[in-house]
Amino acid sequence: MAMEKTFNAAEAEPRIYEMWEQAGAFKAGANATRDETFCIMLPPPNVTGHLHVGHAFNHTIMDMLTRWKRMQGYDTLWQPGLDHAGIATQLMVEKDLAETQQPKRTELGREKFLEKVWEWKAAKGGTIEQQARRLGDSMDWSRSAFTMSGAESAPTTEKPGNFHDAVLKVFVEMYNKGLIYRGKRLVNWDPHFETAISDLEVENIEVDGHMWHFKYPLAGGETYEYVEKDEDGNVTLRETRDYISIATTRPETMLGDGAVAVHKDDERYAPIVGKLCEIPVGPKEQRRLIPIITDPYPDMNFGSGAVKITGAHDFNDYEVAKRGGIPMYNLMDTKGAMRADGKPYAEEAAIAQAIANGEQEFDEAMIAAMNMVPEEYRGLDRFEARKRVVADITAEGNAVMVPNPLVGSTHPTEDDGRVGDNPREDEPAMIPFVEAKKIMQPFGDRSKVVIEPMLTDQWFVDTAQIVGPALDAVKEGRTKIMPESGEKVYYHWLENIEPWCISRQLWWGHQIPVWFGPSISNGDLDYQSQKQFCATTEAETLELAKAYYAPDFDVEVSELGEFIQLQSGQREVAVTGIGVHSTALGENSEAGKTYALIARDPDVLDTWFSSGLWPFGTLGWPADDEAMKYFPGDVLVTGQDILFFWVARMMMMSEAIMGQEPFHTVYLHQLVRDAKGEKMSKTKGNVIDPLDMIDAYGADALRFSNAQMAALGGVLKISEDRIKGYRNFGTKLWNAFSFADHYQIAYPGDPARPAATQTLNKWIIGETGKVRETVDAAMEAYRFNDAADALYAFTWGKVCDWYLEFSKPILQGDDAAAKAETDQTLRWVLDQCLILLHPIMPFITEELWQQAGSRAKMLAHADWPTYTASELVDADADREMNWVIDLIDNVRSARAQVHVPAGAKVPLLVTGLDAKGQSAWDNNHVLIQRLARIESLSHVDDFPKGCVTIPMDGGTFGIPLADLIDVGEEIARLEKTMQKLGKELGGLRGRLNNPKFVASAPDEVVAEAKANLALRENEEAQLKAAIARLQEIG
RNA sequence: GGGUGAUUAGCUCAGUUGGUAGAGCGCUUCCUUUACACGGAAGAUGUCGGGAGUUCGAGCCUCUCAUCACCCA
């Protein structure tokens, strides 16, 4: 049966994958012949995700490692799975609901909405798992995990799993150890999704903004001498002021100011430190007065040097406010609109004033409840409020004014053709001081809206307590990060780690297993002071609560979640509302008893909290599962952009829970870019879809391209031309088999390596030994590009270019023994190509493997070779074949350069051929004559005039072409060679003549230089002689 | 502003203890020679970003300047 002309990837790949999967080829432990495990955890893609080039790249790396180890007989597991991806999935489902005219999330309610999410997941989730099969990924699909498996809301149709148990167990354990706490902190709030997000999910983008300058009048009309000096201390401005000038890019937050801060060394403001000034906005009757304080934060050289402090809406201000005990007034609701709840502004302002005057005690909860937004701004969007605030302040005359630069200038003249006589008489002399400037603004990476720093109650992991072991694991080398630069970045981040905010105001996710109830004070229930109960189930929680409230009170579980929905204002208000809404008492409650109402926190955990448990949560933990033998795993392969998001968190969580690092090696790679090095984006239209590449060139070509660009730490630029090139490589391999087919070489299967007698066969067997060592060394060092390059060079450059060509005379010849040996060697070598290439190009290699009559195992399970170069290389055969190749190369090159017709057979002459050269010729003259198109060889004492000269080690060859060649051209050719040689000779002689080199360089380097010099000098002599001969003619 | 990395052939990139530069693609010329035109043969192209230093010797080590990229503020 003749082979097809090329490999039909589109037809073969699905068929081969199906065969592997049916055979259970990728199941955990498949093909294991030893006890050592090798485990890679797939970074779980979002359940909403699709395969992109980044996945294609890192899947290739993981699959190469996994297939390699599996063939070596390790007990292998590549663990797949999906991440529930809180925000992304919730968003996707909400969009879906909108598109299909279904009720909105809020209309459905939590339970119904979660049903919809699960429905969505069942119908559309996880398409990426099908796409990954097209890449040839050898994951154990039967073990595919999901970070929400086993959740209370999961329908029975879902694949069973217990990831949820792991998440809750870890939370409770960490909570009980004091590693998790709840607190009111400034967090990044996404007003679109109405949830806190991590600072890593915030993109800071430079945008055009404005800096407004306003006057904050001093209380009671006080004045002071304001003096400005230049660098030399000369007074440049001296005036009496009754205000302090403040610069801000966010005027709407002035309403929440708690103080004005200046630097303690700032002489300009020294006279007024400790005094009060007025926030120049809001009803005139209730203007708030705030203190002028000192703090290290203000930069004396920036703006006016005075900073307004709004602790609840700015991260820097928050720190200042904490240091100075300044109240932090929360101005906005969850949508980023100005608050509309709470008491009338006049009442709130009065309380705030009492606080500022030091007449009123305050605590966090009380401040949080206060709404400092005057009635006229309440309910406005934050950006609308900004406009109104600016307009109102300016109208009242509290904007800092500067001379109008347009006054005295003229209107542009292009429009009306008038020249120079069009003064702007309509311009005011002074205008408000507003600087247009670039400001860094935070945006949600998913919502793309401006993130608002918000003071809210959130759950935190006290990372400071668990970061130590994660740092030590890398510092002590138990976990290695590749490339090494990643380690520095890792240290830097972990050493400056912030508390990790793990609560999200979403519904899709692991609901936090904490219930709030009133505390008992003075024998009564106090709903103002919360008591927390944390346990993995409601039943356990009830036990905890009962124990706390007994014997005086009984316990009832309420639905805090519903309260939250009913409140449009701050969620804190809702939380403190427990007990107020006591209507939620269940039907079974007994009359006459007093119940403590407890309610579960409605928030869910950050998705990264659950994916932090991926290295063991996927293996059945906390159950005593057999799969736990794969923990700790071996290698983590992921993009360096999620070093913090995920890698660091897995490290911390594994150390905290399991007391071990989750893997010994972290392989980080860069973002995959387009061929020009630009990020791919839909808007730019430069997105390359890996599936398109597979359709066009086959998965193997894409994979080879990925392997080849996987230089450690390298920039990843994917190029279609390159992928095409590797498709061609696959075809080359295919044709090597059709070569064997053509020569009707038997292929019974699993050929053994023959004890070769033919030099040719000895040589290629040795080359195979070398490449096996190179490939393994490269794989062990995670230098996948080196492995790919070595295999490419071997398969194409050695096997196809030379070995197959050399074998032709034998295969066509009459020496049956030599032919039989060569048949077997050829089959063996080609088999080795398949085995060694299989981790990179699994499909085409498996297809070719299956062409053999019978096989002990499929290629995916073939035994990875262990032979070494020292075992297989025959030094004499090596030297001889390289000499033959050299001679052929040189003859071909000389012929081409002097324009000998490609088809013409020419006679060859030789002088001074030594014994080794003679025997190399004798052994291989058939090959040489065939490939270099040589008619005959004659020994001569002197070359005739007009002869192309080919210097070789052990003899000088020549092609007598007196009448055919252009003498001048041949001289030019030789002289050019001489020039190159001259450079080398100069370097070598220079070094060897330098006594310091001989004295200080290592012996072998000196010896090598000497040997090299001898060779070159010999060559030089031959060339000189040749040139001289030619010049005689000329 | 801080950190990390980069700058090597026309393009995209390798270059592992410092020993004198490579690959793929592209380009030029020739070749339908029975495995392969997704092929074969031959060929051209580099003051390794600039400068200084250490060394017998620097693409590689040190310093400095320039440009760029990414991450964090």
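Below, read A as the first sequence line, B as the second, and so on, with proteins coming before strands; counting in each chain starts at 1. What you are looking at is a predicted structure, and each value in this text was computed from that prediction instead of being measured.
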Contact class for A:Glu805 (heavy atom, under 4.0 Å): base, sugar-phosphate, or nothing?
base
For RNA chain B, just give me the dot-bracket, please: Watson-Crick or G-U, both distances below 3.5 Å, ( ) intra-strand, [ ] crossing earlier pairs, | paired with another strand, . unpaired.
(((((((..((((.....[..)))).(((((.......))))).....(((((..]....)))))))))))).
5' precedence on RNA chain B between A:His742 and A:Asn316 (nearest-nucleotide basis):
A:His742
Determine the Euclidean distance between corresponding P atoms of B:rG51 and B:rU45; express it in Å to zero decimal places.
23 Å
Looking at every heavy atom in both A:Glu4 and A:Trp734, which two are closest together, and how far apart are they?
O-NE1, 2.8 Å
Whole-Å distance, A:Asp776 CG to B:rU16 P, equals 21 Å
Could you check A:Phe443 against A:Val450 for side chain to side chain contact (heavy atoms under 4.5 Å, CB included), going step by step and ending with a plain yes or no?
CA-CA 5 Å; A:Phe443 289 86; A:Val450 177; 3.7 Å; yes
Would you mind building the protein contact string for nucleotides 38-47 of chain B? One character per nucleotide, 5' to 3', B for base within reach (heavy atoms under 4.0 Å), S for sugar-phosphate only, - for untouched.
BSSSSSS---
Does any donor-acceptor pair link the side chain of A:Arg933 with the base of B:rU33 at a separation under 3.5 Å?
no
Expressed as a whole number of angstroms, how long is the span from A:Tyr490:OH to B:rC71:C1'?
17 Å
Hey, what do you get for NE2 (A:His313) to CG (A:Leu186), rounding to the nearest 0.5 Å?
8.5 Å
Which whole number of Å gives the distance between the P atom of B:rG59 and that of B:rG19?
10 Å
When rounded to the nearest 0.5 angstrom, what distance separates CG in A:Asn924 from CG in A:Leu887?
10.0 Å
Rounded to whole Å, how long is the line connecting atom CD1 of A:Ile934 with atom P of B:rU33?
20 Å
For the pair A:Arg827 and A:Asp823, find out whether any cationic side-chain nitrogen is under 4.0 Å from an anionic carboxylate oxygen.
no
With rounding to the closest Å, how many angstrom separate the C1' atoms on B:rC60 and B:rA6?
15 Å
Pick the P atom in B:rG49 and in B:rC71, then give their distance to the nearest Å.
25 Å
Atom CD1 of A:Ile723 and atom P of B:rC11: how far apart are they, to the nearest Å?
21 Å
Are the charged groups of A:Glu773 and A:Lys770 less than 4.0 angstrom apart, N to O?
no
Round to the nearest Å and state the distance from A:Gln744 atom CD to B:rA35 atom P.
13 Å
Within the structure shown, what part of the strands sits under 4.0 Å from A:Leu804 by heavy-atom distance: base, sugar-phosphate, or nothing?
base
Strictly below 4.0 Å: does A:Arg722 bring a side-chain N or O up to OP1 or OP2 of B:rG26?
no
Give me the distance, rounded to whole Å, that separates B:rU8 from B:rU47 when you measure between the P atoms they each carry.
11 Å
Using the C1' atom as the point on both nucleotides, what is the distance between B:rA44 and B:rC27, in whole Å?
9 Å
How close or far is atom C1' of B:rU33 from atom CD of A:Gln929, stated in whole angstroms?
17 Å
Distance between C1' atoms of B:rC48 and B:rG22 (Å, rounded)
12 Å
Side-chain donor-acceptor pair under 3.5 Å between A:Thr638 and A:Asn58, yes or no?
no
Rounded to whole Å, OH of A:Tyr743 lies from C1' of B:rC36 at a distance of 12 Å
Between B:rC25 and B:rG18, how far apart are the C1' atoms? Round to whole Å, please.
31 Å
Please round to the nearest 0.5 Å and tell me the distance separating atom CG of A:Leu1013 and atom CZ of A:Arg989.
6.0 Å
Counting side-chain heavy atoms from C-beta on, which of B:rG15, B:rG19, B:rA35 comes nearest to A:Arg991?
B:rG19
Measure from the ring center of A:Tyr792 to the ring center of A:Tyr726 and say whether it is less than 6.0 Å.
yes
Applying side-chain hydrogen bond (donor to acceptor under 3.5 Å, both in side chains), run through A:Thr774 and A:Asp786 and close with a yes or a no.
CA-CA 8 Å; A:Thr774 306; A:Asp786 287 348; over 6 Å; no
Between A:Ile840 and A:Arg703, the two heavy atoms sitting closest are O-NE, 2.8 Å
Roughly how many Å is it from CG in A:Asp789 to C1' in B:rC25, rounded to a whole number?
13 Å
